[in-house]
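Here the structure is laid out as structure tokens; the discussion comes afterwards.
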Amino acid sequence: MTVYTRLPYKLFNFSFTHPLLLNRLIKPKAADRACANLASQLRSSLDPEVILAIFKQSTRQYLPLCNLAFHADNCTLTAELSAPGNANLRFDLSDDGYALGQLECDLEQNLTMAQEVLLTQLAKVLVHPLRNALEYQKMKLLAFQDSLTGLANRNKFEHCFHQLAVSSYKKQMNFSLLIIDLDGFKRVNDKYGHQTGDLVLTHFAQLLLQFSSERAQIFRFAGDEFTILINDADKHSISCFAQEIRHAVARHHSLARFKLSCSIGSAKFQCNDSLDSLFSRADKALFRAKGKGRNCAELSPCV
């Protein structure tokens with residue numbers, strides 16, 4: 001018995017009576033149907049991981065495939081099926097002269113000539129949908145990412161707020177908003193120029209990322225104003241979190257060099273809150289912190 005007998009090769013002109021006969025050609029019409037079926041399935045998604053998973057499932061019907069991996073300059077996608085196989089095959093994928101990346105196929109054993117031809121045909125079908133999916137994800141990332149600091153931007157902030165608001169209604173899970181303003185930033189811009197100002201913002205963003213977690217999402221809202229959405233935290237936790245950020249700014253060499261500090265205002269989401277109403281309460285708390293001489297944190301009375 002060979003390893004191929006448990007796979008559904010019904011569409012193909014294979015004979016399982018002797019391994020040497022496995023190099024017989026796959027029927028052209030059967031290969032065309034396999035490619036057409038794969039192309040139809042790949043139209044259903046713009047998620048690169050889903051695209052690769054669909055390719056894996058479809059290819060598995062015809063070939064002794066164990067695992068798949070797609071390697072590009074800025075990403076690696078995997079679709080694992082089982083333990084590592086005994087053979088490996090790599091394809092360079094390109095679309096209209098554009099080098100997409102490399103497809104790595106982990107196989108139970110070396111393919112026959114006919115199987116390699118089929119895999120090559122299926123890989124060609126994969127290229128265009130995968131490129132579309134990767135470009136879509138890239139555009140989606142750019143739409144939600146601040147180009148200077150790399151933090152999530154205002155669009156992403158609004159998107160995440162609405163997600164948390166829905167979760168709050170359904171699961172009775174509370175969350176809070178923190179607005180953080182970099183004290184003295186205008187002075188840095190005026191005295192040292194915008195390039196130095198951009199560097200300061202980048203350092204501040206990197207500092208805030210240290211506080212990022214599954215519970216705390218960090219955003220650059222506008223200019224030197226940053227926001228944090230934090231889940232499931234009470235008044236004391238929010239206050240401690242804000243003070244930790246202030247102390248981290250005071251200890252940061254690059255920020256301290258310019259005598260910068262930060263002021264923080266926070267507010268807890270209420271069941272009747274819109275984004276505007278929650279932001280307004282946190283912004284008023286921030287204004288009070290500024291009025292107290294800056295470099296402090298204020299909580300909205302509703303927290």
Side-chain angles (χ1 to χ4, degrees), residues 1-140:
M1 180 183 294
T2 73
V3 293
Y4 299 108
T5 54
R6 64 185 178 81
L7 297 174
Y9 296 116
K10 296 178 181 178
L11 293 177
F12 306 107
N13 188 22
F14 288 126
S15 170
F16 296 99
T17 58
H18 194 285
L20 293 178
L21 298 179
L22 289 175
N23 254 335
R24 297 177 66 180
L25 291 177
I26 296 171
K27 291 181 178 179
K29 288 186 178 180
D32 290 344
R33 287 197 296 272
C35 290
N37 180 56
L38 174 60
S40 176
Q41 294 180 64
L42 292 177
R43 295 191 193 104
S44 64
S45 178
L46 282 172
D47 185 327
E49 292 186 353
V50 174
I51 290 288
L52 196 66
I54 292 171
F55 179 80
K56 170 200 71 176
Q57 294 294 344
S58 182
T59 305
R60 179 68 169 167
Q61 296 179 57
Y62 317 118
L63 302 172
L65 183 67
C66 294
N67 305 294
L68 270 178
F70 171 74
H71 305 284
D73 290 339
N74 56 352
C75 75
T76 295
L77 306 174
T78 58
E80 296 183 357
L81 288 162
S82 61
N86 298 315
N88 189 272
L89 197 60
R90 289 173 177 256
F91 289 91
D92 288 322
L93 301 182
S94 61
D95 187 28
D96 293 332
Y98 175 80
L100 195 63
Q102 192 172 69
L103 185 68
E104 180 180 3
C105 303
D106 198 26
L107 304 154
E108 291 178 2
Q109 66 182 64
N110 290 323
L111 297 182
T112 67
M113 187 182 299
Q115 289 171 318
E116 282 195 33
V117 170
L118 176 61
L119 182 54
T120 302
Q121 290 175 295
L122 293 172
K124 288 180 180 178
V125 176
L126 169 69
V127 170
H128 192 63
L130 182 58
R131 180 180 179 182
N132 284 344
L134 290 169
E135 289 183 349
Y136 173 77
Q137 293 300 316
K138 183 178 179 181
M139 293 300 295
K140 188 176 178 181

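In this structure, NZ on Lys56 lies 9.5 Å from OG1 on Thr78, to the nearest 0.5 angstrom. Atoms CG and NE2, on Asp92 and His71 in that order, are 11.5 Å from each other to the nearest 0.5 Å. Here the straight-line distance linking atom CZ of Arg60 with atom SG of Cys66 works out to 6.5 Å at 0.5 Å rounding. In this structure, CG in Leu130 is found 8.5 Å from CG in Leu103, a value given to the nearest 0.5 Å. Taken to the nearest 0.5 Å, the CD atom of Glu116 stands 8.0 Å off from the CE atom of Met113.
Evaluation of the side chain to side chain contact (heavy atoms under 4.5 Å, CB included) rule for Ala72 yields Phe70, Asn74, Cys75 as partners, not counting sequence neighbours. Applying the side chain to side chain donor-acceptor pair (under 3.5 Å) test to Asp73 and every residue at least two apart in sequence or in another chain returns nothing. Contacts of Gln137 classified as side chain to side chain donor-acceptor pair (under 3.5 Å), with partners at least two apart in sequence or in another chain: none. Applying the side chain to side chain donor-acceptor pair (under 3.5 Å) rule to Asp95 yields the partners His128, Arg131; only residues at least two apart in sequence or on another chain are considered. For Thr120, the side chain to side chain contact (heavy atoms under 4.5 Å, CB included) partners are Phe91, Lys124, not counting sequence neighbours.
Considering only heavy atoms from C-beta on, Leu100 comes within 4.5 Å of Leu134 through its side chain.
Between Glu104 and the options Asn67, Thr76, Asn88, a side-chain hydrogen bond (donor to acceptor under 3.5 Å, both in side chains) holds for only Asn88.
Ser58 places no side-chain N or O within 3.5 Å of a backbone atom of Ile54 that could act as its donor or acceptor partner. Distance alone, capped at 3.5 Å, is enough to place a donor-acceptor pair between the Asn86 side chain and the Glu108 backbone.
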- Does the side-chain contact (heavy atoms from CB on, under 4.5 Å) test come out yes or no for Leu107 and Leu65, once each step is laid out? CA-CA 5 Å; Leu107 304 154; Leu65 183 67; 4.0 Å; yes
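The minimum heavy-atom distance between Leu119 and Leu63, with the atom names listed, is CB-CD1, 3.7 Å. The minimum heavy-atom distance between Ala31 and Gln121, with the atom names listed, is CB-OE1, 3.7 Å.
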For residues 34-53, which side-chain donor-acceptor pairs fall under 3.5 Å, sequence neighbours excluded?
| from | atom 1 | to | atom 2 | distance (Å) |
| --- | --- | --- | --- | --- |
| Ser44 | OG | Gln41 | O | 2.7 |
| Ser45 | OG | Asp47 | N | 3.0 |
| Asp47 | OD1 | Glu49 | N | 2.9 |

